[in-house]
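The structure appears right after this line, and notes come after that.
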Amino acid sequence: MKRRFAIAITVLCFGFIATAESNAVDTYIPGQAASGIGSSRHNLGYLPGRAGNNYNSAKSNFTCNGCGTGTSEICVFCHTPHHTNTANNLKPMWNRGTSAPTSFTAYGTTIGGTTVVNTDIGSTTLACLSCHDGVTTFDNIVNAPGKGGVTAGGSDRGYVFSDYTGIVSDFMVSARVNIGLDLTNDHPVSVVYNAGAVAGLRSVNTTISAIDLTSDLNTSATTYDNGNLTKNYWAVKGFISDTATIADLLRNNRVECSSCHDPHFNNKSWNEIDPTYALGSADLEFESNGLFIRRVGGNTGSGVCRTCHEK
Ligand code: HEC
Ligand code: HEC
Ligand code: HEC
Ligand code: HEC
């Protein structure tokens, strides 16, 4: 996390941190791992024995400080090496109970005439929604840490989670991050990518970094976020890539949550939204993870949208 150094230097030089997030510049380069989950709010683990601070990452809004004697594991809240939940083709190595596809209301029919029904809802979308549906608890896991035991399909473990202000909850509280069971009010997910036919969708073979996102804009926009609009690098298969194609964003030729988000990528490059993260504000905001957006530079200049849609 090169940006961490930038922040540290900023703090040393100027002696304050309130706006440190907004000062940092992007340093992501092709080939670098899309990492940082440990210091993101997707780290729900607890660091036993860390007196006065229960947070494993110190950046997470929720940490499991009531997991028996506590677990510092990170991946276990989503993945396990054995006894995974494969219902509804859940992937990858999924360690959580999920709402059934029939619990959701799928997007329905688009202007282009493409229809998404509940049974279309794809595995990685179900995976994300196993926390972001606002119903399933964070501790609804199959294979508990260590000798904690296995419950096929997952079960609520009765763990206690708390946020950094001490608020206790084991499911999504903030309305902002609660996507819910109704998917009609979200960008279509589990929708087939009908390239060249509807919604101005580019060919799946399009090399993402070759897409021109700048010539329509004022030239000053090309300097946004250290030139990210010009570069259009995305995190794909765990690495920042300048060779990925749109096909790499799709799962079974469909758009899923993980087309636009990588849940492991603590994306520090979306400088434009950093000022919207206020330390200790009432809605539990604490740390910018760049909304785990796959695109370096986030959605600056609507670069995420215009990567698929030639608009
Ligand atoms: C908050 C849930 C969550 C946590 C925690 C999590 N993952 Fe994942 N992981 C996912 C989801 C969802 C996918 C599927 C993403 C996709 O479709 O690209 C995935 C995919 C992967 C993949 C394959 C795709 C890729 O991008 O490499 C690997 C490897 C992986 N995870 C490893 C890990 C490891 C190791 C940890 C712990 C350090 C971890 N994950 C923690 C949700 C999570
Ligand atoms: C194990 C539970 C869990 C799973 C599974 C999970 N998340 Fe999250 N996610 C969280 C928690 C907890 C937060 C922080 C909630 C808060 O701040 O109130 C969060 C926050 C987020 C945020 C906001 C980050 C920010 O910078 O504000 C995004 C975006 C997000 N998750 C996307 C996803 C996507 C996409 C997936 C699937 C690829 C996913 N999550 C899977 C638990 C999960
Ligand atoms: C087509 C791309 C795309 C897809 C698909 C997508 N997201 Fe997002 N998501 C975004 C963008 C872009 C943002 C940032 C919006 C903003 O500026 O606040 C975002 C924001 C979020 C947030 C933070 C809410 C907010 O606005 O502050 C959460 C949580 C989230 N997404 C979860 C999900 C989940 C879960 C799914 C699957 C059901 C999903 N996303 C599918 C692009 C997408
Ligand atoms: C990974 C590719 C991808 C990305 C990124 C993406 N979209 Fe889409 N979008 C699609 C697909 C596929 C459809 C379905 C089109 C159809 O079949 O009619 C769609 C549909 C839409 C629709 C039409 C929905 C309807 O009911 O007709 C709108 C509006 C839209 N997207 C806006 C956005 C915006 C805004 C963003 C950025 C936040 C975005 N898209 C990012 C692939 C993408």
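Computed from heavy atoms alone, side chains included, the values below leave out hydrogens, waters and symmetry copies. We count ligands from 1, going down the list as the structure has it; atoms in each ligand are counted the same way.
The minimum heavy-atom distance between Ile208 and Ile246, with the atom names listed, is CG1-N, 3.8 Å.
The nearest protein atom to atom 38 (C) of ligand 1, hydrogens excluded, is given as Cys75 SG, 2.6 Å; this is a heavy-atom distance. Looking only at protein heavy atoms, the nearest one to atom 13 (C) of ligand 3 is Ile293 CD1, 3.8 Å. When only non-hydrogen protein atoms are considered, atom 1 (C) of ligand 4 lies nearest to Cys308 SG, 2.7 Å. At the top of the distance list for atom 18 (O) of ligand 4, counting protein heavy atoms only, stands Thr110 OG1, 2.6 Å. Among all non-hydrogen protein atoms, the one lying nearest atom 9 (N) of ligand 1 is His79 NE2, 2.7 Å. Ranking the protein heavy atoms by distance from atom 25 (C) of ligand 4 puts Tyr107 OH, 3.4 Å first. In this structure, the protein non-hydrogen atom closest to atom 14 (C) of ligand 4 is Val191 CG2, 3.8 Å. Counting protein heavy atoms only, atom 17 (O) of ligand 4 is closest to Thr114 OG1, 2.5 Å. In terms of protein heavy-atom proximity, atom 2 (C) of ligand 3 is closest to Cys260 SG, 1.9 Å. With respect to atom 36 (C) of ligand 3, the closest heavy atom belonging to the protein is Cys257 SG, 2.8 Å. Taking atom 26 (O) of ligand 1 as the reference point, the nearest protein heavy-atom neighbour is Gly238 N, 3.8 Å. Among all non-hydrogen protein atoms, the one lying nearest atom 41 (C) of ligand 4 is Cys305 CA, 3.6 Å. From the protein, the heavy atom lying nearest to atom 19 (C) of ligand 3 is His261 CE1, 3.5 Å.
Within 4.0 Å of atom 11 (C) of ligand 1, at least one protein heavy atom is present. In this structure, atom 4 (C) of ligand 1 has a protein heavy-atom contact shorter than 4.0 Å. Distances from atom 23 (C) of ligand 4 to the protein include no heavy-atom value under 4.0 Å. By the definition of a contact as any protein heavy atom under 4.0 Å away, atom 43 (C) of ligand 4 is in contact.
Contacts of Trp94 with ligand 1, taken as heavy-atom pairs under 4.0 Å, involve the side chain alone. With a heavy-atom cut-off of 4.0 Å, Ile246 does not touch ligand 4 at all. Of the heavy atoms in Arg251, only side-chain atoms (C-beta onward) come closer than 4.0 Å to ligand 1. Only the side chain of Ile37 comes within 4.0 Å of ligand 1, counting heavy atoms alone; its backbone N, CA, C and O stay farther away. If you look at Trp270 next to ligand 3, the close heavy atoms, those under 4.0 Å, all belong to the side chain. With a 4.0 Å cut-off on non-hydrogen atoms, Ile111 touches ligand 4 through its backbone as well as its side chain. Only the side chain of Val255 comes within contact range of ligand 3, with a heavy atom under 4.0 Å; no backbone atom does. Counting heavy atoms under 4.0 Å from ligand 4, residue Val198 touches it through the side chain alone. Residue-level proximity to ligand 1 for Met93 is absent, since no heavy atom of it falls below 4.0 angstrom.
Of the N or O atoms in Arg176, one or more lie within a sub-3.5 Å distance of an N or O in ligand 3. At least one N or O atom of His187 sits closer than 3.5 Å to an N or O atom of ligand 4.
In this structure, Phe104 does not count as a contact residue of ligand 3, since none of its heavy atoms falls inside 4.0 Å of the ligand. The closest approach between a heavy atom of Pro263 and any atom of ligand 1 is below 4.0 Å. Within the structure, ligand 1 lacks Arg41 among the residues with a heavy atom less than 4.0 angstrom away.
Proximity annotation for atom 28 (C) of ligand 3: of Asn178, Leu291, Ile179, Ile179 comes nearest, heavy atoms only. Nearest to atom 21 (C) of ligand 4 by heavy-atom distance, out of His309, Lys311, Arg254, is His309.
A side-chain donor from one of Asp133 and Ser99 sits under 3.5 Å from a side-chain acceptor of the other. If you check the side chains of Asp156 and Thr137, you find a donor sitting under 3.5 Å from an acceptor. Side-chain atoms of Glu256 and Thr125 include a donor-acceptor pair closer than 3.5 Å. Under the 3.5 Å distance criterion, with hydrogens and angles disregarded, no donor-acceptor pair is assigned to the side chains of Ser40 and Asn266. Between the side chains of Ser258 and Thr124, at least one donor N or O sits under 3.5 Å from an acceptor N or O.
Aromatic ring centres of Phe265 and Tyr28: separated by under 6.0 Å.
Nearest to atom 8 (Fe) of ligand 1, among the N, O or S atoms that His264 has, is NE2.
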Run the numbers on Val76 and Leu44 for side-chain contact (heavy atoms from CB on, under 4.5 Å), then give the verdict. CA-CA 9 Å; Val76 70; Leu44 296 175; over 6 Å; no

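Here the side chain of His261 pairs a donor or acceptor atom with the backbone of Leu291 at under 3.5 angstrom. Remark: the backbone N or O of Ala235 is paired with a side-chain donor or acceptor of Arg294 at under 3.5 angstrom.
For ligand 4, the atoms sitting less than 4.0 Å from at least one non-hydrogen atom of Gly112 are 18 (O), numbered in the order shown with element in parentheses. Taking every heavy atom of Tyr193 and a limit of under 4.0 angstrom, the matching atoms of ligand 4 come to 2 (C), 12 (C). Under a 4.0 Å criterion applied to the non-hydrogen atoms of Val304, ligand 4 contributes the atoms 5 (C). Near Ala199, meaning under 4.0 Å from one of its heavy atoms, ligand 4 places the atoms 15 (C). Near Val192, with a cut-off below 4.0 Å to any heavy atom, the atoms of ligand 4 are 12 (C). Close approach to Ser258 involves these atoms of ligand 1, each under 4.0 Å from a residue heavy atom: 15 (C), 16 (C), 17 (O), 18 (O).
None of Asp216, Ile211, Asp212 except one satisfies the side-chain contact (heavy atoms from CB on, under 4.5 Å) rule with Thr214; the exception is Asp212. Considering Thr98, Val135, Leu183 in turn, Leu183 is the only one that fulfils the side-chain contact (heavy atoms from CB on, under 4.5 Å) rule with Leu129.
Aromatic ring orientation, Tyr159 versus Phe77: perpendicular (interplanar angle above 60°, classes split at 30° and 60°). By the 30° and 60° cut-offs, the orientation of the rings of His79 relative to Trp94 is perpendicular.
No salt bridge links Asp242 with Lys231; every basic N to acidic carboxylate O contact stays at or beyond 4.0 Å.
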